[in-house]
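Before any comments, here is the structure.
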There are 2 protein chains.
Amino acid sequence: MSTIPDIKDFRLAYLFRDLDRALLAQIAARACWRELDAGETLFAKNDPGKWFFLVKTGTMKLYLLAEEGQEHVLELVGREHLFAEAVMFMGGRYAVHAAALEPTRLIAFDADFFLGLLRSNADLCLALLADMSRRVHSLVTEIDRLTLQTGEQRFVQYLLAQPAQKISGTRMVRLPASKQTIASLLGITPETLSRILSRLRDQGVIQVNAETIVVLKPDAFTRIS
Amino acid sequence: MSTIPDIKDFRLAYLFRDLDRALLAQIAARACWRELDAGETLFAKNDPGKWFFLVKTGTMKLYLLAEEGQEHVLELVGREHLFAEAVMFMGGRYAVHAAALEPTRLIAFDADFFLGLLRSNADLCLALLADMSRRVHSLVTEIDRLTLQTGEQRFVQYLLAQPAQKISGTRMVRLPASKQTIASLLGITPETLSRILSRLRDQGVIQVNAETIVVLKPDAFTRIS
DNA sequence: ATGGTTGTTTGATTTAGATCAAGGTGGCAA
DNA sequence: TTGCCACCTTGATCTAAATCAAACAACCAT
């Protein structure tokens, strides 16, 4: 799998829409595939690096570590999403740790080359600025969640924000990671998440089956948050 | 004070360094002064707006409100710092509330005009991208702080991050806002902050005198965090 | 199958911090 | 001076969630 990625593998990602084929071809020529096993680390915080990435299959976990080694998950990155774009402006060092949660295929883009493109392509710059603005905005609301809401409220909001399959007034959600990981993302312990789940189950608003959760009363649910 | 701001009033701000005089003059021609009384609101979250701002004197408070009306301060913006640049990419709506903590003078920049400049000026784009990266990075560490540390640790880190006057091994810090505001910024209640302060005072590591705090043992202090 | 490893649940206990409540303190205006 | 108001402090109580501990389930590799 050391072939050069094809344009159609990444042209639909937000950042690359509206770019012309010639430019996409240039980008493709400097990009390469990267495969990770489940649990494999891609980079650590402060590692020097000159790539940013697009997830094609699988899920990446971005996280920080406290001194005592406990990790806090900041973000789960799924299919067709970019991560680590900021490495281009952070002096070539990653600001977080990144590891695969399952077997994962990525496209790696050359940061220096891309930075050069930015210099001569205003549309690309604006697309990236819009991308960063979205990220800033989501981080701000994340901070808000962490300070103003209880663990249960945060879980409910998280669940409602997840993509769901809708069946006759109910929503079926597939958790994109283990419950410990979700707990870390929500800033709570696995035990607390487990208790939140059983409380909501007892109240009859959700059904839990391994990583699949059915929201029986989305409206009652919305009221909690 | 409805005169056009002079280039020298803003040329030192991070974003504007390295820009040539002609460009700065164009920017100045579309900018204007804005004055706020203590406590005055500049904009509310979701307000449509087409300006972003530079603080020349005073302090701005950026915050969010929960349904019950309680506010959470996200950031205090002091002299020579920009805020609300993201309005250019957020569809012309502000993502937070902004109010002055004291009498404050701002320079307001025209977002649409600036967006136009970005389209034709790669250096400006890159400067703004670097600015946004810094912001993303500080938000990420902020999230980290909120989830992995106690209120006391957060306060200590905050205090050490503040600009200080150093006198014979001690640091003197002037809090940039009332203690309730600082408490909100740290994600704790005013009562808890008050208790943290008296605890540290009893331990003999700080001296508190109204909004002035002297860190007597910066090294012992660093160990707490 | 068997054991080992990892993730999940449940219960008992502890704790940081919120909440409720009551006094201080200081600045400012009449 | 007096009173008012906003801010800060201190104390008592309450609570969400962490921690500690143990059992349990699921999955994999030998």
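Chain A is the first sequence line, chain B the second, and so forth, proteins listed ahead of strands; every chain is numbered from 1. From a predicted model like this one, the values you see are computed outputs, not experimental measurements. Values below: every heavy atom of this structure, side chains too, minus hydrogens, waters and symmetry copies.
With ring centers used as reference points, B:F52 lies 6.0 Å or more from B:F43. You'll find the ring centres of B:F114 and B:F109 outside the 6.0 Å limit.
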Shorter than 3.5 Å, N or O on both sides, protein versus nucleotides 4-7 of chain C: list them out with atom names.
unit_1: C:dG7; atom_1: OP1; unit_2: A:Q180; atom_2: NE2; d: 3.4
unit_1: C:dG7; atom_1: OP2; unit_2: A:Q180; atom_2: NE2; d: 3.2
unit_1: C:dG7; atom_1: O5'; unit_2: A:Q180; atom_2: NE2; d: 2.8

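Put simply, the side chain of A:R34 never gets that close to the backbone of A:I107: no donor and acceptor are under 3.5 Å apart.
When the P atom of D:dA25 is taken as reference, atom CD of A:E211 falls 18 Å away, rounded to whole Å. Taking atom CZ on B:F155 and atom P on C:dA16, their separation rounds to 18 Å, with Å as the unit. Between the CD atom of B:Q149 and the P atom of C:dA16 there is a distance of 15 Å, given to the nearest Å. D:dA6 atom C1' lies 15 Å from atom CG of B:L101, rounded to whole Å. Between B:N209 atom CG and C:dG26 atom P there is a gap of 10 Å when expressed in whole angstrom units. Going from atom CD of A:E152 over to atom P of D:dA16 covers 10 Å, rounded to whole Å.
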Pair B:S138-B:T141, side chain to side chain donor-acceptor pair (under 3.5 Å): steps then yes or no
CA-CA 5 Å; B:S138 73; B:T141 60; 5.7 Å; no
Please evaluate residues A:Y63 and A:H97 with respect to the criterion ring-ring contact (aromatic ring centres under 6.0 Å, His included), reporting the C-alpha separation (whole Å), side-chain torsions for both, the decisive distance (0.1 Å), and the verdict. CA-CA 5 Å; A:Y63 59 103; A:H97 302 266; 5.2 Å; yes
Can you list, pair by pair, the side-chain donor-acceptor contacts under 3.5 Å of residues 192-199 of chain A, counting residues two or more places apart and other chains?
unit_1: A:T192; atom_1: OG1; unit_2: A:T189; atom_2: OG1; d: 2.9
unit_1: A:S198; atom_1: OG; unit_2: A:S194; atom_2: O; d: 3.2
unit_1: A:S198; atom_1: OG; unit_2: A:R195; atom_2: O; d: 3.1
unit_1: A:R199; atom_1: NH1; unit_2: A:E152; atom_2: OE1; d: 2.4

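Interatomic distance, OG1 of A:T57 versus CG of A:L106, reported as 8.0 Å (0.5 Å rounding).
Listed by residue number, the members of residues 187-201 of chain B with any heavy atom below 4.0 angstrom from DNA chain D are B:E191, B:S194, B:R195, B:S198.
Using a 4.0 Å cut-off between charged side-chain N and carboxylate O, B:K8 and B:D6 make a salt bridge.
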